[in-house]
Amino acid sequence: MRSIFEKIEKQLQNLIESSVQIFPWTSLQKSVVISIIHEMRDLVINAIDSNEPLPNIFTISVHPEIYTDLNSNQQWVHEIQKTLSESAEEYDSYITGEISIEFYADPEILVLSEYRITSFSVVNEIEKTAVLNTNLNVRENKKFRSDAYLLLPNKEIFPLTIAITQIGRKNDNHLIIDDPTISRNHAQIRNINGNFVIFDLNSTSGTFVNGIRIKQLLLRAGDVISIANYPLVYGEESDSNDFDHGSTTQIPRIVDSK
């Protein structure tokens, strides 16, 4: 076990010294990247130390200005992915899936040096167990909550009262959207430790949140989800009263995109 810790430490430190330092970034930008690398290392090591599955999906959100600069060369992201993948191979009893790192600009982050990391252990795209770890800057974990909902275009409310909500064109989805541009199994919203996370299920036309195409993303109240061209607004009763909530007694299971 100790050898895995040491390997992660050594490889990520080499990444910091050999790659991060040579990029034409300011000291602030380098500092953010180094902090991100160290926190990702800690997430992996803590999982190993706790005898838990390794997180294999990471969502990193940074200030938009920092994102513009760091996104110009994502070789450092690929190197992190390679390092974590190699470490996971040695820890194969607990590997759950391919390592994925998503990088986003978050307009809600107002300080240049701040960032957020959300990490998941996801077995596969559809089936369907996940463990969420977040740092304290995201939101503290909560017990299962039932006050979250989707606001449909016709102002109806679709409450998110189950652990996994499947969205798509097939009849076995929880929210069925009758539109040929929407995939049969298009997207999925999971309640993970009281946080709602949306996953695109390799759909043809994509899943977007606030105009940005995503693979997976932690949702916040007010986020606008676009399934193909079908808009849904994510809300939480305790966080926002900005929308006309309408009736929650009769929830349509099948909706028309028009």
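The residue from Ile167, Leu232, Val209 that alone fulfils the side-chain contact (heavy atoms from CB on, under 4.5 Å) condition with Ile198 is Val209. When each of Ile66, Val62, Ile34 is checked for a side-chain contact (heavy atoms from CB on, under 4.5 Å) with Gln29, only Ile66 meets the rule.
Two residues are said to be in side-chain contact when any heavy atoms from C-beta on lie closer than 4.5 Å; Phe158 and Thr165 meet this criterion. A 4.5 Å side-chain heavy-atom check between Phe58 and Val77 finds every atom pair outside the cut-off.
Applying the side-chain contact (heavy atoms from CB on, under 4.5 Å) rule to Thr68 yields no partners; only residues at least two apart in sequence or on another chain are considered. Evaluation of the side-chain contact (heavy atoms from CB on, under 4.5 Å) rule for Ser183 yields His186, Ser203, Thr204 as partners, not counting sequence neighbours. For the side-chain contact (heavy atoms from CB on, under 4.5 Å) test, residues two or more places apart in sequence or in another chain that qualify with His78 are Gln74, Gln75, Gln81. The salt bridge (charged side-chain N to carboxylate O under 4.0 Å, His left out) test applied to Arg41 returns Glu9, not counting sequence neighbours. For Asn210, the side-chain hydrogen bond (donor to acceptor under 3.5 Å, both in side chains) criterion is met by Asp223, not counting sequence neighbours. Partners of Lys30 under the salt bridge (charged side-chain N to carboxylate O under 4.0 Å, His left out) rule, at least two apart in sequence or in another chain, do not exist in this structure. Applying the side-chain hydrogen bond (donor to acceptor under 3.5 Å, both in side chains) criterion to Thr181, with sequence neighbours excluded, gives Asp179. Under the rule for a side-chain contact (heavy atoms from CB on, under 4.5 Å), the partners of Arg213 that lie at least two apart in sequence or sit in another chain are Phe208. Applying the ring pair (Phe, Tyr, Trp, His ring centres under 6.0 Å) rule to Tyr67 yields the partners Phe103; only residues at least two apart in sequence or on another chain are considered.
Heavy-atom minimum distance, Leu150 versus Tyr234: CD2-CA, 4.2 Å. Minimum interatomic distance between Gln166 and Leu201 (heavy atoms only, all atoms of both residues): NE2-CD1, 3.1 Å. Nearest heavy atoms, Tyr115 versus Ile109: CA-CD1, 4.1 Å. In terms of heavy-atom proximity, Leu218 sits nearest to Val197 at CD1-CG2, 4.0 Å. Listed here is the closest heavy atom pair of Glu236 and Tyr149: N-CE2, 3.7 Å. Between Leu28 and Ser113, the shortest heavy-atom distance links the atoms CD1-CB, 3.8 Å.
Thr161 contributes atom OG1, which lies 10.0 Å from atom CG of Asn191 (distance to the nearest 0.5 angstrom). Taking CG of Asp42 as the reference point, atom NE2 of His38 lies at 8.5 Å (rounded to 0.5 Å). Atom CG of Leu175 sits about 8.5 Å away from atom CD1 of Ile182, to the nearest 0.5 Å. Summarising the geometry, atom CD belonging to Glu39 is positioned 10.0 Å from atom CG belonging to Asn46; distances are rounded to the nearest 0.5 Å. Annotation: the span from Ile80 atom CD1 to Ile60 atom CD1 amounts to 6.0 Å, rounded to 0.5 Å. Between the CD1 atom in Ile164 and the CD1 atom in Ile162 there is a gap of 8.0 Å [rounded to 0.5 Å].
Side-chain atoms of Ser35 come within 3.5 Å of backbone N or O of Ser31 as a donor-acceptor pair. Side-chain atoms of Asn173 come within 3.5 Å of backbone N or O of Arg184 as a donor-acceptor pair.
Listed by first and then second residue, the salt bridge (Lys or Arg N to Asp or Glu O under 4.0 Å) pairs involving residues 157-168 amount to none (not counting sequence neighbours).
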- Start with the C-alpha gap between Leu152 and Ile157, add the side-chain angles, then the distance that decides, and say whether side chain to side chain contact (heavy atoms under 4.5 Å, CB included) holds. CA-CA 6 Å; Leu152 306 181; Ile157 296 296; over 6 Å; no
- Go through the steps for Asn202 and Asn185 under the test side chain to side chain contact (heavy atoms under 4.5 Å, CB included), then give the verdict. CA-CA 9 Å; Asn202 292 324; Asn185 293 306; over 6 Å; no
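Heavy-atom contacts from other residues, nucleotides or ligands closer than 6.0 Å to CG of Asn229 number 12 or fewer.
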